[in-house]
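Scroll down for the structure; my scribbles are underneath it.
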Amino acid sequence: MAGVAGLLERCRRLASSDPQSLAAVELRAAIRANVSNSDPHEALGAARKAAELARSAGRPALEAASLTMRARMERVLNEGDSRATLDRALALDVAAEADGIANSPQYLAARHAIFDDRLAEARSRLTVLLAVAEQHGQEEDLVDIWRSLAEVEVRSGACAKALAWAGKALDASVAAGLSLGPACYTTALAQSTGGSFAAALRYAAYGERAAREEGDVLHRNRNLWMAGAVRLHTGDINGAVTAFALLDRTEDSRRPADPSVFRWQPDAIEALVAAGELTSAQNMILTFPATARQDSATGAGWTRARALLLDRAGETDRAVELLPAAAEVFRRDGLPLEEARTHLARGRIQRAHRRQAAARTAFQDARDLYLLARAQPMLATVQEHLDRLDGQGRSRSREEGRAGLTDSEARLADLVSRGATNQQAAQQMYISVKTVESMLSRIYRKLRVRSRTQLLAALLAHTG
């Protein structure tokens with residue numbers, strides 16, 4: 001789609017006297033503007049033309065597909081009545097497989113349910129469409145549905161299921177020679193919650209490169225989001241800020257008015273706060289759209305980011321007061337990973353201000369949720385915070401049997417002493433290489449050693 005601008009103009013001229021053909025051309029122009037140009041305004045204009053032309057030509061299937069594209073762009077831009085437009089498309093009662101399931105109003109209804117965190121409805125709609133795709137659809141349809149199911153399970157906190165759906169989508173994309181940008185994004189998302197941060201970064205990097213080479217701006221941005229989010233979680237703050245800066249420049253004035261469609265901004269704010277770039281973080285906070293409700297999951301994500309900014313600005317008590325309400329919104333909407341992340345943010349703030357008991361309670365709340373969700377990477381992160389708290393409150397004499405190491409440090413020391421590289425240890429512990437390096441430095445200081453060989457000797461001496 002990226003290189004067909006001239007061809008589309010030629011087709012417009014050739015089809016100028018035929019409403020049906022011209023509607024089909026305008027629909028393709030709308031898809032191109034959205035995916036390749038990242039220009040939702042242009043896409044909306046073309047979709048509106050396509051819908052009117054298809055209606056005048058008496059082609060309900062083409063009209064339904066065009067109205068679906070129009071509703072998609074109205075939702076992105078918060079312009080017009082997206083719900084009413086989608087209802088018009090659904091009322092035409094065209095079979096979902098008529099023009100590709102991904103182009104159908106039935107599929108967009110499922111996507112909107114995901115955006116609104118109506119996850120039970122989204123799962124139900126997608127399950128129906130999956131049966132249709134298995135009987136009538138093409139490989140692209142199956143991939144899109146599997147990817148959407150993975151997103152639903154990530155939001156629901158069913159990490160193992162999300163990994164399974166994402167794996168099916170990626171395998172099918174490779175086998176069918178489809179664009180890998182979308183499937184890599186979904187796989188990175190699933191890996192960041194239920195697999196490993198290292199794998200998530202690999203998939204996000206590959207997906208960003210594939211999407212960039214194919215002119216797919218939409219999925220280039222989504223893979224950049226994943227790269228920034230994972231780097232934020234692993235403590236690579238500079239890397240996170242760089243990824244989000246690239247993403248911000250790409251979107252620029254074309255930023256969607258509806259943040260529930262693309263949820264990267266709160267992550268970017270958190271990265272900017274961690275980097276000490278408070279003015280930039282504040283400027284991004286000000287972009288929060290007036291149409292978004294504070295008591296929605298989208299609004300709660302922005303509230304969490306704002307709390308972190310307030311803490312760094314010296315308003316710690318106010319920051320701490322905001323977080324329980326945000327956590328309650330996530331709990332109400334059945335979003336356990338977001339709820340856990342909010343508890344984790346509260347624990348970090350409390351720990352930074354030496355409020356050890358409050359920090360421990362917050363970290364334990366987060367750990368319990370991550371444990372139920374089998375969210376291994378974040379579970380390892382929160383456990384590391386608990387280990388640090390325990391290490392601060394434990395005397396050296398009580399640690400002599402374990403060489404003065406926390407549980408995480410002892411595990412890392414064991415892995416390294418048995419020959420694991422920093423990269424291998426990071427993957428097995430679901431933490432970043434930089435975290436491994438930092439922990440290894442602490443282990444060396446505690447044991448007064450300078451090499452891996454000396455580390456092995458010290459561990460043998462303590463166990464002996």
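Source: prediction; values computed, not measured.
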*May I ask you to decide whether D81 forms a salt bridge with R83, counting only side-chain N to carboxylate O separations under 4.0 Å?*
no

*Write out all pairs satisfying salt bridge (Lys or Arg N to Asp or Glu O under 4.0 Å) with one or both partners inside residues 353-362, taking only residues at least two apart or from two chains.*
D317-R355, R360-D390

Name every donor-acceptor pair, under 3.5 Å, that has one atom in a side chain of residues 171-185 and the other anywhere in the protein, sequence neighbours excluded.
{"unit_1": "S173", "atom_1": "OG", "unit_2": "A169", "atom_2": "O", "d": "2.8"}
{"unit_1": "S179", "atom_1": "OG", "unit_2": "E214", "atom_2": "OE1", "d": "2.5"}

_Taking A30's backbone N and O only, do any of them form a donor-acceptor pair with N34's side chain (distance below 3.5 Å, no angle check)?_
no

*Could you tell me whether the side chains of D368 and Q364 share a donor-acceptor contact shorter than 3.5 Å?*
no

*Do R263 side-chain atoms and F115 backbone N/O form a donor-acceptor pair below 3.5 Å?*
yes

*Enumerate the residue pairs fulfilling salt bridge (Lys or Arg N to Asp or Glu O under 4.0 Å) with a member in residues 229-246, sequence neighbours excluded, ordered by first and then second residue.*
R231-D236, D236-K434

*Can you list the steps and then say if D39 with V217 is a side-chain contact (heavy atoms from CB on, under 4.5 Å)?*
CA-CA 10 Å; D39 190 337; V217 177; over 6 Å; no

*Can you measure from CE (M69) to CG (N103) and round to the nearest 0.5 angstrom?*
8.5 Å

*Rounded distance [0.5 Å steps], OG in S104 versus CG in L90*: 8.5 Å

*Is the shortest distance from a Lys or Arg side-chain nitrogen in E328 or R331 to a carboxylate oxygen in the other one below 4.0 Å?*
yes

*Do E315 and D311 come close enough that some side-chain heavy atom pair is under 4.5 Å?*
no

_Side-chain touch Q376/L379, heavy atoms, less than 4.5 angstrom_ = yes

_Check against side-chain contact (heavy atoms from CB on, under 4.5 Å), W302 and Q265_ = CA-CA 8 Å; W302 285 73; Q265 291 95 337; 3.5 Å; yes

*Specify the closest pair of heavy atoms between A319 and A307, including all atoms of both residues, with the distance to one decimal.*
CB-O, 3.1 Å

*Establish, from distance only, whether the side-chain atoms of T381 and Y370 form a donor-acceptor pair under 3.5 Å.*
no

*Using the side-chain hydrogen bond (donor to acceptor under 3.5 Å, both in side chains) rule, take S82 and R75 through it: C-alpha gap first, then chi angles, then the decisive distance, then the call.*
CA-CA 5 Å; S82 174; R75 172 67 188 253; 5.9 Å; no

*Y107 side chain reached by S148 side chain, heavy atoms, under 4.5 Å*: yes

Can you give the donor-acceptor pairs under 3.5 Å from side chains of residues 133-145 to other protein atoms, not counting sequence neighbours?
{"unit_1": "D141", "atom_1": "OD1", "unit_2": "I101", "atom_2": "N", "d": "3.0"}
{"unit_1": "D141", "atom_1": "OD1", "unit_2": "A102", "atom_2": "N", "d": "3.4"}
{"unit_1": "D141", "atom_1": "OD2", "unit_2": "Q138", "atom_2": "N", "d": "3.2"}

*At what distance, to the nearest 0.5 angstrom, does CG of D248 lie from CG of N221?*
10.0 Å

Sequence neighbours left out, cut at 3.5 Å: what donor-acceptor pairs do the side chains of residues 266-273 make with other protein atoms?
{"unit_1": "D267", "atom_1": "OD1", "unit_2": "R341", "atom_2": "NH1", "d": "2.9"}
{"unit_1": "D267", "atom_1": "OD1", "unit_2": "R341", "atom_2": "NH2", "d": "2.7"}
{"unit_1": "D267", "atom_1": "OD2", "unit_2": "W225", "atom_2": "NE1", "d": "3.0"}
{"unit_1": "E270", "atom_1": "OE1", "unit_2": "R341", "atom_2": "NH2", "d": "2.9"}

*asked:* Is the shortest side-chain heavy-atom distance between L27 and D99 below 4.5 Å?
replied: yes

*Only pairs at least two apart or in different chains count here, so list each ring-ring contact (aromatic ring centres under 6.0 Å, His included) that has a residue in residues 344-368.*
F363-H385

_For the student: nearest non-hydrogen atoms of T193 and C159, plus distance_ = O-SG, 3.7 Å

_Test salt bridge (Lys or Arg N to Asp or Glu O under 4.0 Å) on R318 and E321; report intermediate values, then the result._
CA-CA 5 Å; R318 187 179 169 201; E321 288 173 3; over 6 Å; no

*Looking only at heavy atoms, what is the nearest atom pair of A71 and H112, with distance?*
O-CE1, 4.2 Å

_Approximate separation, where rounding is to 0.5 Å, of T234 OG1 and L201 CG_ = 6.0 Å

*Quick one: which residue pairs count as a ring-ring contact (aromatic ring centres under 6.0 Å, His included) with a foot in residues 327-349, not counting sequence neighbours?*
none

_side-chain contact (heavy atoms from CB on, under 4.5 Å) for I114 and L126? Distances and angles first, verdict last._
CA-CA 10 Å; I114 296 174; L126 290 168; 4.3 Å; yes

*Check whether any side-chain heavy atom of L308 sits under 4.5 Å from a side-chain heavy atom of R312, and report yes or no.*
no

*asked:* Listing request: all side chain to side chain donor-acceptor pair (under 3.5 Å) pairs with a residue in residues 149-163, at least two apart in sequence or in separate chains.
replied: R111-E151, D117-R155, R123-E153, R123-S156, R155-E338

*asked:* Under the rule for salt bridge (charged side-chain N to carboxylate O under 4.0 Å, His left out), what residues qualify as partners of R442, not counting sequence neighbours?
replied: E409

*Roughly how far apart are R32 CZ and L8 CG, rounded to 0.5 Å?*
6.5 Å

*Where do R351 and R388 land on the side-chain contact (heavy atoms from CB on, under 4.5 Å) test, with the steps shown first?*
CA-CA 10 Å; R351 180 173 176 267; R388 288 177 182 173; 3.5 Å; yes

*Where do V152 and A122 come nearest, in terms of heavy atoms and distance?*
CG2-CB, 3.9 Å

*Under a 4.0 Å N-O cut-off, is there an ion pair linking E74 with R70?*
yes

*For R125, enumerate each residue passing the side chain to side chain donor-acceptor pair (under 3.5 Å) test, keeping only those at least two apart in sequence or located in another chain.*
E121

_Summary of side chain to side chain donor-acceptor pair (under 3.5 Å) pairs that have at least one residue in residues 199-209, sequence neighbours excluded_ = E208-R212, E208-R220

*asked:* Would you compute the distance between atom CG of L232 and atom CZ of F197 and round it to the nearest 0.5 angstrom?
replied: 9.5 Å

*Which heavy atom of V230 sits nearest a heavy atom of A200, and at what distance?*
CG2-CB, 3.8 Å

*asked:* Among residues at least two apart in sequence or on other chains, which ones pass side chain to side chain donor-acceptor pair (under 3.5 Å) with D295?
replied: R293

*What are the two closest non-hydrogen atoms of A162 and V154, and how far apart are they?*
CB-CG2, 3.5 Å

*Hey, is D365 close enough to R346 for a salt bridge, meaning N to O under 4.0 Å?*
yes

*Please tell me if the side chains of I349 and L323 come closer than 4.5 Å, counting only heavy atoms from C-beta onward.*
yes

*Could you tell me whether the side chain of Q383 reaches within less than 4.5 Å of the side chain of D387, counting heavy atoms only?*
yes

*asked:* What I'd like to find out is whether the side chain of L344 reaches to under 4.5 Å of the side chain of M378, using heavy atoms alone.
replied: yes

